[in-house]
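Following: one structure in structure tokens, then a few remarks.
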2 protein chains.
Amino acid sequence: MPATMHDVAKLAGVSVKTVSNVLSGYPYIRESTKARVLAAVDELGYRMNLSARNLRAGRTGLICLAVPELSLPYFGELADAVIRAAEERSWTVLVEQTGADREREVGVLSGARRQLVDGLIFAPLTVSSADIEQFRGDFPIVLLGERTFDVAVDNVTIGNVDAARMATAHLVDIGRRRIAAIGTHPTDAEGPAVLRLEGYLAALREAGIEPDTELIVPAGLWHRAEGAAAMRQLLEAGTRFDAAFCFNDTLALGAMYAVLRHGLRVPEDIAIVGFDDIEDARYSMPPLSSIAPGRDQIARAAVDLLARRIEQREHAHQQVVADFELRIRESTAG
Amino acid sequence: MPATMHDVAKLAGVSVKTVSNVLSGYPYIRESTKARVLAAVDELGYRMNLSARNLRAGRTGLICLAVPELSLPYFGELADAVIRAAEERSWTVLVEQTGADREREVGVLSGARRQLVDGLIFAPLTVSSADIEQFRGDFPIVLLGERTFDVAVDNVTIGNVDAARMATAHLVDIGRRRIAAIGTHPTDAEGPAVLRLEGYLAALREAGIEPDTELIVPAGLWHRAEGAAAMRQLLEAGTRFDAAFCFNDTLALGAMYAVLRHGLRVPEDIAIVGFDDIEDARYSMPPLSSIAPGRDQIARAAVDLLARRIEQREHAHQQVVADFELRIRESTAG
DNA sequence: GTAAGCTTCTACAACGTTGTAGAGATCACA
DNA sequence: TGTGATCTCTACAACGTTGTAGAAGCTTAC
């Protein structure tokens with residue numbers, strides 16, 4: 001049975017409230033009293049019961065981070081960054097995995113966790129802006145990832161369209177004309193897949209290249225296996241092409257694997273550029289060119305926005321656009 | 001202001017306790033009453049206040065998973081598995097990152113989180129068994145990873161020594177005699193690095209191969225960068241060798257990168273085997289042979305052990321040894 | 001000398017839920 | 001018809017904390 005404030009108070013010979021005051025930094029306390037209380041805390045190994053504190057204070061000090069899967073390196077690294085950023089505010093992060101499941105994403109928005117956490121940082125994959133409007137209710141939320149439609153939610157993103165355009169333009173710059181895009185979500189109306197496709201198409205347009213629908217390959221989950229499958233499909237179809245822009249790095253690494261397996265060279269035969277700049281990208285053979293989003297910047301911005309939203313429920317929603325940069329490595333360089 | 005049980009009770013025309021009873025599945029309730037209550041819950045969008053419930057019940061429904069870093073793929077995948085296993089018990093997992101920092105690991109054992117969670121699943125890196133004995137107090141804990149010294153804590157592991165021995169023996173089987181070991185922690189007295197080294201040495205001994213200390217290279221963090229650095233060090237030292245057993249897959253992938261960069265072939269010049277079988281391993285070029293621990297089995301066992309420990313504080317501590325298998329891929333196969 | 005202000009501490013109620021105990025109905029059976 | 005068992009529901013207290021309100025002592029200023 002752990003010690004409570006009552007035990008501490010009794011041992012220190014003060015009232016419960018005085019213990020509470022000492023612990024919460026109330027200024028008007030005699031030094032000697034404070035010392036006695038702290039000694040008692042120490043002696044009993046007292047730890048505050050957070051359920052009780054939260055019940056009273058209406059805050060839990062917990063935030064929820066909802067991502068598709070931690071086993072995807074990008075989200076593992078992102079979770080890492082968010083947890084660190086949250087720590088600076090002494091918040092605790094509770095990670096929820098949504099899979100790629102719409103029902104679970106809706107569950108996160110409207111679900112039971114909302115009673116447990118003060119706010120939500122949410123990287124949605126399948127739910128639409130309309131869903132978000134509908135289910136979020138009056139709850140502090142920060143979205144990760146651009147929303148195509150305007151939605152009254154704080155939002156941190158990198159410029160997906162610009163970044164995708166830059167990645168594709170880089171392939172054009174090194175002389176490629178037949179550039180595949182891997183990872184589209186043809187049925188989505190919005191979301192990163194849509195935006196990255198848009199950037200890809202814009203870059204082609206600017207280069208005067210006619211897009212070829214045969215070179216645009218969907219991939220639902222953006223895992224390595226799907227990247228490899230998509231690339232195999234392209235290679236086996238006999239479609240001629242000399243480069244691929246993959247919508248994330250795991251797709252790209254899977255695709256690169258399939259190219260090499262097929263006996264072709266990267267980048268000589270097929271140049272590949274990815275997106276996310278996960279650690280793997282730097283140690284693949286050849287190392288993978290990729291768009292590096294400012295992960296720490298994104299995490300910090302998300303936590304900051306959420307903090308402001310929690311403190312002050314009513315204010316215009318904000319959009320933070322984080323920086324990105326193209327890291328050119330050997331998968332696109334001679 | 002969210003609705004409380006009182007609001008629901010008033011709307012349904014029953015007592016608060018009846019609402020509570022309906023919601024917690026108490027059997028003796030008239031169907032019509034139950035229906036009225038549920039309708040009221042629905043109409044008000046009522047969600048239970050978990051702080052209050054926890055305060056009353058003395059349980060939070062949260063468990064803590066403490067790992068070094070989520071951005072390490074193995075731990076990302078492990079966290080994924082633990083979260084899924086915990087979900088089946090409708091527990092929520094709170095992930096704590098310890099870095100490789102002893103102070104933080106001690107903090108996890110003795111820290112403030114203990115008031116917030118019902119139990120802890122802990123993958124320690126730096127703390128010793130003695131630390132664990134000292135700091136854990138009376139708190140439900142399950143350790144991930146073998147303890148060399150006996151410590152009164154539930155424990156899930158794979159047979160590190162056996163697995164390392166099998167990996168090394170595999171290299172011997174394909175005809176290698178000069179086998180490097182990458183990833184030792186020379187100052188540790190226990191922990192996976194020590195055990196894997198032990199397995200490595202055992203396999204050499206069984207094959208009648210004299211270990212060569214020049215081939216045993218430390219690496220603190222088991223990141224790709226350290227694996228690459230260790231391998232570069234070996235290559236530049238001019239030490240002759242024809243294989244490497246890396247203590248985890250990220251080390252192995254970094255090492256493989258360095259080998260290929262150095263203009264040598266894998267496996268012809270240097271065969272490489274890793275440990276953990278992370279997803280990357282299957283898509284590197286060449287694909288990496290690795291020890292596959294039963295990750296889901298480990299996660300489930302850890303959650304099960306923790307559940308038993310929470311329900312019933314007093315009983316002998318248990319050790320679960322999960323299965324592993326060697327996945328042979330091209331990094332060790334002609 | 002006393003009003004006003006500061007410092008230090010305390011009692012009490014409240015946060016939203018559930019366990020305990022028990023009050024009334026209703027039912028089965030003699 | 002009475003007796004005990006079963007069903008349905010309720011009042012109350014309690015979990016451990018903090019906000020509110022205020023008491024008591026001390027200092028300052030006239």
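Quick note on labels: first sequence line is chain A, next is B, and so on, each numbered from 1.
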For B/V142 and B/V153, run side-chain contact (heavy atoms from CB on, under 4.5 Å): C-alpha distance rounded to whole Å, both residues' side-chain angles, the deciding distance at 0.1 Å, then the answer. CA-CA 6 Å; B/V142 173; B/V153 177; over 6 Å; no
Determine whether A/L65 and A/E96 satisfy the following criterion, side-chain contact (heavy atoms from CB on, under 4.5 Å), listing intermediate values before the conclusion. CA-CA 6 Å; A/L65 170 69; A/E96 178 112 14; over 6 Å; no
Go through the steps for A/L116 and B/L62 under the test side-chain contact (heavy atoms from CB on, under 4.5 Å), then give the verdict. CA-CA 10 Å; A/L116 192 60; B/L62 295 175; 3.9 Å; yes
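With respect to B/R308 and B/D154, no salt bridge is recorded, no charged nitrogen being found less than 4.0 Å from a carboxylate O.
Atom pair A/R59:CZ and C/dC15:C1' shows a separation of 15 Å (rounding to whole Å applied). Rounded to whole Å, atom P of C/dC15 lies 18 Å from atom CG of B/N54. Atom CZ in B/R30 sits roughly 16 Å away from atom P in C/dG24 (whole-Å rounding).
With sequence neighbours left out, the salt bridge (Lys or Arg N to Asp or Glu O under 4.0 Å) criterion links B/R104 to A/E87.
Without hydrogens or angle criteria, A/D101 side chain to A/T98 main chain gives no donor-acceptor distance under 3.5 Å.
Applying the side chain to side chain donor-acceptor pair (under 3.5 Å) test to residues at least two apart or on different chains, the pairs with a partner in residues 54-81 of chain A are A/T60-A/D118, A/E69-A/S71, A/E69-A/H223, A/S71-B/D80, A/E77-A/R295, A/D80-A/R84, A/D80-B/S71, A/D80-B/Q97. Residue pairs that meet the side chain to side chain donor-acceptor pair (under 3.5 Å) test with at least one member in residues 15-28 of chain B, sequence neighbours left out, are B/S15-B/T18.
Screening A/E103, A/H185, A/E105 against A/T126 for a side chain to side chain donor-acceptor pair (under 3.5 Å) leaves a single residue, A/E105.
Residue contacts shown for A/T33 are limited to sugar-phosphate atoms, with no base heavy atom under 4.0 Å away.
Axis angle across the helix from C/dG1-D/dC30 to C/dA30-D/dT1, with five pairs used at each end and values rounded to 10°: 40°.
Where B/S51 and A/P27 meet DNA chain C, the nucleotide closest to each residue was compared, and A/P27 sits on the side nearer the 5' end. Mapping B/L55 and B/S15 onto DNA chain D by nearest heavy atom places B/S15 closer to the 5' end of the strand.
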Any protein N or O atoms within reach of nucleotides 17-20 of chain D? Criterion: under 3.5 Å, listing atom names and distances.
{"residue": "D/dT17", "atom": "OP1", "partner": "A/Y46", "partner atom": "OH", "Å": "2.3"}
{"residue": "D/dT17", "atom": "OP1", "partner": "A/N49", "partner atom": "N", "Å": "3.1"}
{"residue": "D/dT17", "atom": "OP2", "partner": "A/M5", "partner atom": "N", "Å": "2.7"}
{"residue": "D/dT18", "atom": "OP2", "partner": "A/S20", "partner atom": "OG", "Å": "2.6"}
{"residue": "D/dT18", "atom": "O2", "partner": "A/R56", "partner atom": "NH1", "Å": "2.9"}
{"residue": "D/dG19", "atom": "O4'", "partner": "A/R56", "partner atom": "NH2", "Å": "3.4"}
{"residue": "D/dG19", "atom": "N7", "partner": "A/K17", "partner atom": "NZ", "Å": "2.6"}

Within the sub-3.5 Å range, which N or O atoms of nucleotides 5-7 of chain C have a protein N or O partner, and how far apart are they?
{"residue": "C/dT7", "atom": "OP2", "partner": "A/Y28", "partner atom": "OH", "Å": "2.7"}

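Between the side chains of A/E190 and A/S129, at least one donor N or O lies within less than 3.5 Å of an accepting N or O.
More than 12 heavy atoms of other shown residues, nucleotides or ligands fall within 6.0 angstrom of atom CD in B/Q319.
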